[in-house]
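Each ligand, and each atom within it, is numbered from 1 in the order the structure gives. Keep in mind that the numbers below use all heavy atoms, side chains included, and drop hydrogens, waters and symmetry copies.
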Amino acid sequence: MTSTALPGHPHIAYRHNELFVEDVRVSDLAQAHGTPLFVYSTASMREALAAYQRGFAGRKLHICYAMKANSSLAMLQFFARQGCGFDIVSGGELERVLAAGGDPAKVIFSGVGKTRAEMRQALQAGILCFNVESEAELEVLSEVATAAGRTAPVSIRVNPNVDPKTHPYISTGLKGNKFGVAHERTLAAYQRAAALPGLRVVGIDFHIGSQITEATPYLDATDRLLDLVEAIEAAGIPIHHIDFGGGLGINYNGDTPPAADALWQQLLAKIDARGFGDRQFMIEPGRSLVGNAGLCVTEVLYLKPGEEKNFCIVDAAMNDLPRPAMYQAFHAIVPLQAPTGVAAAVYDVVGPVCESGDWIGRDRSLAVQPGDRLAVLSAGAYCMSMSSNYNTRGRAAEILVDGALAHLIRTRETAQDTFRQEILLP
Ligand code: LLP
C-alpha cells in the first residue's frame, strides 16, 4: 500500500489519498462522530516520551507531564500508565489527575497564584513538591502546612532572566515576567524557606517559556541554575532534585527545535562537567509530548469569494482552536481526501464565531468545496485544553487512536451541557 507520512508527523499519513492516523481512516471517524473532532495518536505520544527517556538514559529522571497542554482524562491516564507524574497549576488539575488514576506522590504544583484551599488540597493528597513562585507564597504555604499539621515539600522557581526567543505571551523566564523568584533573590528565599516551620526544601526549578526552538536558552538558564545550587548548598541547604521545566518546541511550520534526546545529551554534558550529573532530575514537558500527536477535523461549510480575500468557512472555530487568535499561531491545514477536479485557490480559513479574530489559517492554498473535510495539524497541545463555549458552541469530541483501535475519549458537548450550571430567575 502506498503510504506517505506528512513531514514531521510519522503517524499521520495518506494511504491511497486518504488521511490516516496510525491505522484508522480519519474520514471514518468524522463520519461516525461528526466534526469538529480531535484525533490523537498514541504512537506519537509514546515516541515523544521515549525521546526524553533516551536523552536521560542511566540518569535519575522523573517526568512530570505538564497537563495544561492537554488535560483530557484519557490522555492523563495514558501518561500515568507510562509512569509519568504531572505538573499541575490548579486544584482542578489535581482532581483530574486523581480521577485519571494518577499518583499524587508524583505531582508537582506550579503557578504564581495558588490559593490556601488549593495548598490544603495538595497537602492532603500528598503531592511530591510545591514549585513556589514568590517569597510571599513561601510564608502562606508554611502557615497553611503548619495549621494542617504537615510540612510542605518545596522547590523555588527561579526566574533566570534568559530570553527563550519565543512569543512574548509564552515567554516566562525574563525579568519582566510574573513568574518565579528573581535570580538575585533566590538564595535569600531559600534561607527563609529553610527557616520556616511548615516547609521542607527539596528542590529547585525553572521554566523559561514555551515553544522554544533553540538549545541556547536552556544552556544559559542551566548554568545560572547550577550557580544557585552551589550557593544554596554552600549555605547549608541541600537541594535533592533539579527541575528544568518544560518548553521544548515542536514543528508547526518548518520550525526546527532540537530533538529531546539531542537537547538533553547536550545539557547533560554541561551538567556532568559541573559535577551535578548524579542528581535527581525532573522535567515538565507539555507541548512536545502531545502537540504533534493531534489533529482537529473540520468540515468546509461555505466558500465565500471576495475582492480582497477568499474565505473558506469551516465548522471549527476559535473556541476549538484558540491559538491562531491568541498568538497568531500557525497550524498546517490539509485535506482528508486528496482533491479531485477542484481548482486550488488561496483562502483564509475561518470559523463561524462572530469575530474577525476567528481565523484558523491565513492565505492557504486549498482545493476544496463545501462538504469536504480538512485536518488542522499540530492540534494536540493547548487546543482542547484552552477551548471554550463562546457563542454557546459545545466542545468537540475526542478520539485516541492506538493502532487500528479508536477510543472515543470525550463525547461532543451539547448546548444543554454548556448551560447546566446556570439558574433562571424566580
Ligand atoms: N511547566 C510550567 C511551569 C509551565 O508554565 C508550562 C507551560 C510547562 C511546564 C509546559 O510547557 P511546554 O512544554 O508545553 O512548552 N498556551 C500556550 C502555551 C502556554 C504554556 C504555559 N506554560 C500556547 O498555546 O502556545
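- When the heavy-atom distances from atom 13 (O) of ligand 1 to S288, G247, S210, C383 are ranked, the shortest goes to G247.
- Residues L295 and V21 have side chains in contact (heavy-atom distance under 4.5 Å, counting atoms from C-beta outward).
- Residue contacts with ligand 1 for H207 involve side-chain atoms from C-beta outward but no N, CA, C or O (heavy atoms, distance under 4.0 Å).
- Annotation: A66 places no N or O atom under 3.5 Å from an N or O atom of ligand 1; distance criterion only.
- Looking at Q211, R287, M326, it is R287 that brings a heavy atom closest to atom 25 (O) of ligand 1.
- Contact annotation: for V89 versus ligand 1, there are no heavy atoms closer than 4.0 Å.
- Side-chain contact between F20 and I12 is absent, with no heavy-atom pair separated by less than 4.5 Å.
- Of the possible donor and acceptor atoms, one in the side chain of Q121 sits under 3.5 Å from a partner among the backbone N and O of G91.
- Using a cutoff of 4.0 Å between basic side-chain nitrogens and carboxylate oxygens, D417 and R420 are scored as salt-bridged.
- Considering only non-hydrogen protein atoms, atom 1 (N) of ligand 1 sits nearest to E284 OE1, 2.5 Å.
- Which parts of ligand 1 touch G286 is read off a 4.0 Å heavy-atom cut-off, strictly below it: atoms 12 (P), 13 (O), 14 (O).
- Of all the atoms in ligand 1, the ones that sit under 4.0 Å from a non-hydrogen atom of R157 are 3 (C).
- For R364 and D348, the salt-bridge test fails: no basic side-chain N is under 4.0 Å from an acidic carboxylate O.
- Taking atom 16 (N) of ligand 1 as the reference point, the nearest protein heavy-atom neighbour is Y327 OH, 2.8 Å.
- Ligand 1 has at least one atom lying under 4.0 Å from a heavy atom of P285.
- T115 places a side-chain N or O within donor-acceptor distance of the main-chain N or O of E118, the cut-off being under 3.5 Å.
- Scanning the protein heavy atoms around atom 4 (C) of ligand 1, the nearest turns out to be K68 NZ, 3.1 Å.
- The backbone N or O of A182 sits less than 3.5 Å from a side-chain atom of T186, completing a donor-acceptor pair.
- The protein non-hydrogen atom at the shortest distance from atom 20 (C) of ligand 1 is Y382 OH, 3.5 Å.
- Taking atom 19 (C) of ligand 1 as the reference point, the nearest protein heavy-atom neighbour is I170 CG2, 3.7 Å.
- Ring centroid separation for the pair H331 and Y252 comes in under the 6.0 Å cut-off.
- Looking only at side-chain heavy atoms (C-beta outward), V314 and I360 come within less than 4.5 Å of each other.
- The shortest contact between atom 24 (O) of ligand 1 and any protein heavy atom is with R323 NE, 2.6 Å.
- The distance from ligand 1 to the heavy atoms of D87 drops below 4.0 Å at these ligand atoms: 1 (N), 2 (C), 3 (C), 9 (C).
- N391 places no side-chain N or O within donor-acceptor distance of the main-chain N or O of V353, the cut-off being under 3.5 Å.
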